[in-house]
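For reference, the structure discussed in these notes is given below.
Throughout, residue positions are numbered sequentially from 1 according to the sequence presented. Order of appearance sets the numbers: ligands from 1, and atoms from 1 within every ligand.
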Amino acid sequence: MHESNTSLYVKDYGAGSRVFKSNNRQVKDILQHNCSTEKDTQLLYRLCAYFKVNQVLELGTSLGIATHAMATARPSAQITSIEGSPEVYEFAKKTLKKKGLKNVSFVKSTFKDFFEKQISKPVIYDLIYIDGHHDGEATLSYFENILDKVHNDTVVVFDDIYWSIDMTRAWNQICKHTQVTASIDCFDLGMVFFRKEQLQERFYIKL
Ligand SMILES: C[S@@+](CC[C@H](N)C(=O)[O-])C[C@H]1O[C@@H](n2cnc3c(N)ncnc32)[C@H](O)[C@@H]1O
């Protein structure tokens, strides 16, 4: 992907880009500006392995960097990854299928439509990675949508909690939510837990 000259038309369902001026974007540029960093990707890999996750939901596939890490960390797990931008979805799906990954369900949908279709489905996730639509209000609504899809030991990871003032406001609100107990602020991303045996407490870790 670093060397790819492929261009993709990116249909923006998110909070817009601070880097790109056009919706036609080169894969190598998307990789540099829009995808999980190596450090965050390694952390997601370790989280999936450590918590022995079986069901994972990712909001925002992009090129599938985190998807690939989570799927390889737990080959027995089922990873569901949602992407709204059609050409990006096709590219990620094709690239990851070529890598032989069989435990990923790629879903072409907006996050909102995905949750609307999920209402009657009783899937509970062990790890949820929210990495798209970096808008405070939207993030809060996705958080509300996942509350009936978590169990006591689920971990929810949010990317870019300091991307904007309203993302930080949303993150602070989420940490104070009555169902949330421990939260971990790693600056680039934040994690929340629902473990009832734990008091509500906020931790700050420099990665
Ligand atoms: C930051 S990128 C995801 C990066 C990816 N998780 C990774 O590990 O590299 C966010 C992606 O979410 C998609 N997206 C943003 N808002 C969306 C929405 N409301 N519905 C569906 N897809 C959305 C964008 O098209 C973009 O590809």
(message) Check for me, please, whether Leu127 and Ile124 land in the same ILVMFWY cluster - side-chain distances under 4.5 Å, paths through other members count.
(response) no
(message) With a 4.5 Å cut-off on side-chain heavy atoms, are His151 and Asp126 touching?
(response) yes
(request) Side-chain contact test, heavy atoms from C-beta onward, threshold under 4.5 Å: evaluate it for Asn5 versus Lys28 and give yes or no. (result) yes
As an exercise, identify every atom of ligand 1 less than 4.0 angstrom from a heavy atom of [X].
X      : result
Ala66  : 7 (C), 8 (O)
Tyr13  : 16 (N), 17 (C), 18 (C), 19 (N), 20 (N)
Cys35  : 9 (O)
Gly60  : 3 (C), 4 (C), 5 (C), 6 (N), 11 (C), 12 (O)
Ser62  : 2 (S), 3 (C), 4 (C), 5 (C), 27 (O)
Ser109 : 21 (C)

So is [X] polar-close to ligand 1, meaning N/O to N/O under 3.5 Å?
X      : value
Glu83  : yes
Phe111 : yes
Gly84  : yes
Val10  : no
Glu58  : yes
Asp131 : yes

Between [X] and [Y], how do the two ring planes meet: parallel, tilted or perpendicular, split at 30° and 60°?
X      : Y      : answer
Phe194 : Phe143 : parallel
Phe111 : Tyr142 : perpendicular
Phe187 : Tyr162 : parallel

(request) Nearest heavy atom to atom 8 (O) of ligand 1 wins, so pick from Ala92, Ser36, Gly132. (result) Ser36
(message) Working to the nearest 0.5 angstrom, can you tell me the gap between Thr41 OG1 and Glu38 CD?
(response) 7.5 Å
Below a 4.0 angstrom heavy-atom separation, can you tell me which part of [X], side chain or backbone, both or neither, approaches ligand 1?
X      : value
Tyr142 : side chain
Thr61  : backbone
Ala138 : neither

Looking at every non-hydrogen atom in both residues, tell me the closest pair between [X] and [Y] and how far apart they are.
X      : Y      : result
Ile174 : Val180 : O-CG2, 3.3 Å
Met167 : Asp160 : CE-O, 3.5 Å
Met191 : Leu43  : CE-CD2, 3.9 Å
Gly136 : Asp166 : N-OD2, 2.6 Å

(message) Looking at ligand 1, would Asn34 count as a contact under a 4.0 Å heavy-atom criterion?
(response) yes
